[in-house]
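See structure below.
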Amino acid sequence: MYSWMSFTQILQDELRLEAAVTRKYLAIVPFEQSDYQPAPESERLGRLAIHVAEIMGWWKAVLTQDELDFMDFEPAEITSVAQILAYFDGLLTEALEVLANAKPEDFEKTWSMRYGEIVYFTLPKSQVVRIFCMNHLIHHRAQLGVYLRMLGVLLPATYGPSADDEDVILISPFGLH
């Protein structure tokens, strides 16, 4: 079993890793195509990119509050790569700081996501940081990657080499790719 300090250190290390990958994706968003959406029911590219960035702010919301009411939520207005990277970097700094200062009892409390009177879920904060903050980020980053791929944008490596990286030969059990 992990000690408390190793648990928070593992979360911080994983957050830094995922943030570095996410930042590479945000850095290549073509904001001149912000209105692109692959299907009518899909989110627009610009809003999806902002959502990916704003998820980083949820670490602070989860660890310092008992709920997040989306009725009071106003998404940031971002129209450029420079703006989204500055926004993301600021939220990442806050997330790492609040995580570094978190105590075991912070993770034992429950946390709710709601929209006014509608409660979407209530879970222990220990689960919320994994599911809502980390996994949700990864899910939407992957979605952003699909949008970028559909627009012909070359994708950066995520957990290993990308087929778009120059000078990379991918080897699988089935041969070279």
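These numbers come from a predicted model, not from an experiment.
Going from atom CD1 of Ile55 over to atom CH2 of Trp58 covers 4.5 Å, rounded to the nearest 0.5 Å. Atom OH of Tyr115 is separated from atom CG of Leu68 by 12.5 Å, given to the nearest 0.5 angstrom. The NZ atom of Lys60 sits 9.0 Å away from atom CG of Leu91, with the distance rounded to the nearest 0.5 Å. Taken to the nearest 0.5 Å, the CG atom of Leu85 stands 11.5 Å off from the OG1 atom of Thr22. To the nearest 0.5 angstrom, Leu92 atom CG is 13.0 Å from Tyr87 atom OH.
Partners of Phe31 according to the side-chain contact (heavy atoms from CB on, under 4.5 Å) rule, which considers only residues two or more places apart in sequence or in another chain, are Val29, Ser34, Ala49, Ile78, Val81, Ile84. For Glu18, the side-chain contact (heavy atoms from CB on, under 4.5 Å) partners two or more places apart in sequence, or in a different chain, are Glu14, Met134, Leu137, Ile138, Arg141, Tyr159. Considering only residues two or more places apart in sequence or on other chains, Asp66 meets the salt bridge (Lys or Arg N to Asp or Glu O under 4.0 Å) condition with Lys125. Partners of Leu99 under the side-chain contact (heavy atoms from CB on, under 4.5 Å) rule, at least two apart in sequence or in another chain, are Leu11, Gln12, Leu15, Trp59, Leu63, Phe107. A search for side-chain contact (heavy atoms from CB on, under 4.5 Å) contacts involving Ser112 returns Glu67, Val119, Thr122, not counting sequence neighbours.
Using a 4.0 Å cut-off between charged nitrogen and carboxylate oxygen, Asp106 and Lys103 do not count as a salt-bridge pair.
Applying the side chain to side chain donor-acceptor pair (under 3.5 Å) definition to pairs two or more places apart or across chains, those involving residues 142-152 are His140-Gln143, Arg149-Asp164.
Closest of all the heavy-atom pairs between Ala19 and Met56 is CB-CE, 4.1 Å. Across all their heavy atoms, Val21 and Ala157 have their closest contact at CG1-O, 4.3 Å. The heavy-atom pair separating Leu148 from Pro30 by the smallest distance is CD2-CD, 3.5 Å. For the residue pair Pro38 and Glu43, the shortest heavy atom distance occurs at CD-O, 4.4 Å. Between Glu54 and Ala76, the shortest heavy-atom contact is OE1-N, 4.5 Å.
Using bins of under 30°, 30° to 60° and over 60° for the plane-to-plane angle, the ring pair Trp111/Phe132 lands in the tilted bin. The aromatic rings of Phe73 and Phe70 lie perpendicular to each other, with more than 60° between the two planes, well past the 30° mark.
No single ILVMFWY cluster, assembled from side-chain heavy atoms under 4.5 Å apart, contains both Val146 and Leu154. Both Tyr25 and Met150 sit in one connected hydrophobic cluster of ILVMFWY residues. Membership requires side-chain heavy atoms under 4.5 Å apart, directly or through other members. Follow the hydrophobic side-chain contacts under 4.5 Å out from Ile131 and you never reach Leu17; the two are in separate clusters.
Atom CD of Glu77 is surrounded by 12 or fewer heavy atoms from other residues, nucleotides or ligands within 6.0 Å.
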